[in-house]
Amino acid sequence: QVQLVESGGGLVQAGGSLRLSCAASGRTFSSYAMGWFRQAPGNEREFVAVDKWSGSMTYYADSVKGRFTISRDNAKNTLYLQMNSLKPEDTAVYYCAARMDYRGTTLYTAEGWYDYWGQGTQVTVSS
């Protein structure tokens, strides 16, 4: 089993940056694909980015491509999301998620792929 705890959210002006962290429990962190999703009030949960193959494969939603970077530190059991050039439409609760990674080519962009979720961290971008 995996337990996930997000941190690093906050209030930032448009054009600014934030770095989110997701601390994972257990000793098998490297065996999981890790994803970031976000959900704004009234909206469905939206895919942001995924990190597969213990950090060697990443994929991003078009809305964040070129601005956000997903990465992991397997030694620290921690997933990161570096968010640059933030826009008001990035305002949402950001969640990290995990599922077993069998090192295939599936990108896991749908939330139904994931078995474990954190409680979320709020990101608010002011205009």
Side-chain angles (χ1 to χ4, degrees):
Q1 297 185 14
V2 177
Q3 291 181 306
L4 307 172
V5 180
E6 302 95 336
S7 63
L11 175 64
V12 64
Q13 292 187 7
S17 299
L18 283 174
R19 184 177 177 86
L20 305 184
S21 298
C22 174
S25 66
R27 299 181 179 181
T28 59
F29 179 72
S30 63
S31 68
Y32 286 85
M34 303 293 298
W36 285 101
F37 289 75
R38 65 187 183 185
Q39 187 169 23
N43 292 348
E44 295 184 354
R45 193 168 297 182
E46 174 189 25
F47 168 77
V48 176
V50 63
D51 181 316
K52 287 172 53 68
W53 299 359
S54 193
S56 63
M57 179 181 177
T58 60
Y59 182 75
Y60 299 89
D62 288 342
S63 59
V64 306
K65 195 172 300 182
R67 299 188 297 121
F68 291 9
T69 302
I70 188 172
S71 62
R72 71 167 74 194
D73 187 334
N74 286 321
K76 296 182 178 180
N77 282 6
T78 302
L79 179 76
Y80 303 99
L81 184 68
Q82 178 66 47
M83 304 185 295
N84 298 326
S85 301
L86 283 163
K87 305 174 181 179
E89 50 262 46
D90 295 319
T91 295
V93 176
Y94 283 71
Y95 300 89
C96 64
R99 63 105 64 209
M100 286 298 300
D101 187 357
Y102 300 104
R103 300 186 67 82
T105 57
T106 303
L107 294 176
Y108 302 138
T109 58
E111 63 178 321
W113 283 110
Y114 295 86
D115 301 305
Y116 306 100
W117 295 84
Q119 293 297 309
T121 185
Q122 176 70 49
V123 172
T124 302
V125 183
S126 62
S127 60

Using only atom types and a distance under 3.5 Å, with no angle test, would you say the side chain of W53 pairs donor to acceptor with the backbone of Y102? no
Cation-pi, Y95 ring and R45 (6.0 angstrom, 45 degrees): yes
Nearest 0.5 Å, please: how far is CG in L79 from OG in S21? 8.5 Å
Look at the side-chain heavy atoms of Ile, Leu, Val, Met, Phe, Trp and Tyr, link any pair under 4.5 Å apart, and say whether Y116 and V93 land in one connected group. no
N43 (side chain) donor-acceptor with A40 (main chain) under 3.5 angstrom: no
Once you round to the nearest 0.5 Å, how far does CZ of R19 lie from OG of S71? 5.0 Å
Check whether any side-chain N or O of R38 sits under 3.5 Å from a backbone N or O of A92 as a donor-acceptor pair, and report yes or no. no
Please, which pairs that meet salt bridge (Lys or Arg N to Asp or Glu O under 4.0 Å) have at least one residue in residues 68-84, sequence neighbours excluded? D51-R72
Going by atom types alone, do S30 and N74 pair a side-chain donor with an acceptor below 3.5 Å? no
Closest approach of A98 to M34 (non-hydrogen atoms, all atoms of both residues): CB-SD, 3.4 Å
Minimum side-chain heavy-atom gap Y80-W36 below 4.5 Å: no
Taking the side chain from Y32 and the backbone from A24, do they hold a donor-acceptor pair closer than 3.5 Å? no
Shortest non-hydrogen contact from M57 toward T105: CE-O, 4.2 Å
F68: what forms a ring-ring contact (aromatic ring centres under 6.0 Å, His included) with it, not counting sequence neighbours? none
Nearest heavy-atom neighbours spanning L20 and T121: CD2-CG2, 4.0 Å
Is any side-chain heavy atom of Y94 closer than 4.5 Å to a side-chain heavy atom of Q39? no
T106 versus W113, closest heavy-atom pair with distance: CG2-CZ2, 3.6 Å
Determine, stepwise, if the pair Y108 / R99 fulfils side-chain contact (heavy atoms from CB on, under 4.5 Å). CA-CA 9 Å; Y108 302 138; R99 63 105 64 209; 3.2 Å; yes
Under 3.5 Å donor-acceptor pairs involving side-chain atoms of residues 4-16, not counting sequence neighbours:
from: E6; atom 1: OE1; to: Q119; atom 2: N; distance (Å): 3.0
from: E6; atom 1: OE1; to: G120; atom 2: N; distance (Å): 2.8
from: E6; atom 1: OE2; to: C96; atom 2: N; distance (Å): 2.9
from: E6; atom 1: OE2; to: G120; atom 2: N; distance (Å): 3.3

Is it the case that the ring center of F37 lies less than 6.0 angstrom away from the ring center of Y114? yes
Are the side chains of Q82 and S17 in touch, meaning some heavy atoms are under 4.5 Å apart? yes
Salt-bridge criterion met for D90 and K87 (N-O under 4.0 Å): no
Using atom types as modelled and distance alone, determine if a side-chain donor or acceptor of T58 lies under 3.5 Å from a backbone N or O of I70. no
Could you tell me whether D101 and K52 have a side-chain N and a carboxylate O separated by less than 4.0 Å? yes
Using side-chain heavy atoms (C-beta onward) and a distance below 4.5 Å, is V123 in contact with T91? no
Look at atom CD of Q122 and say whether more than 12 heavy atoms of other residues, nucleotides or ligands are closer to it than 6.0 Å. yes
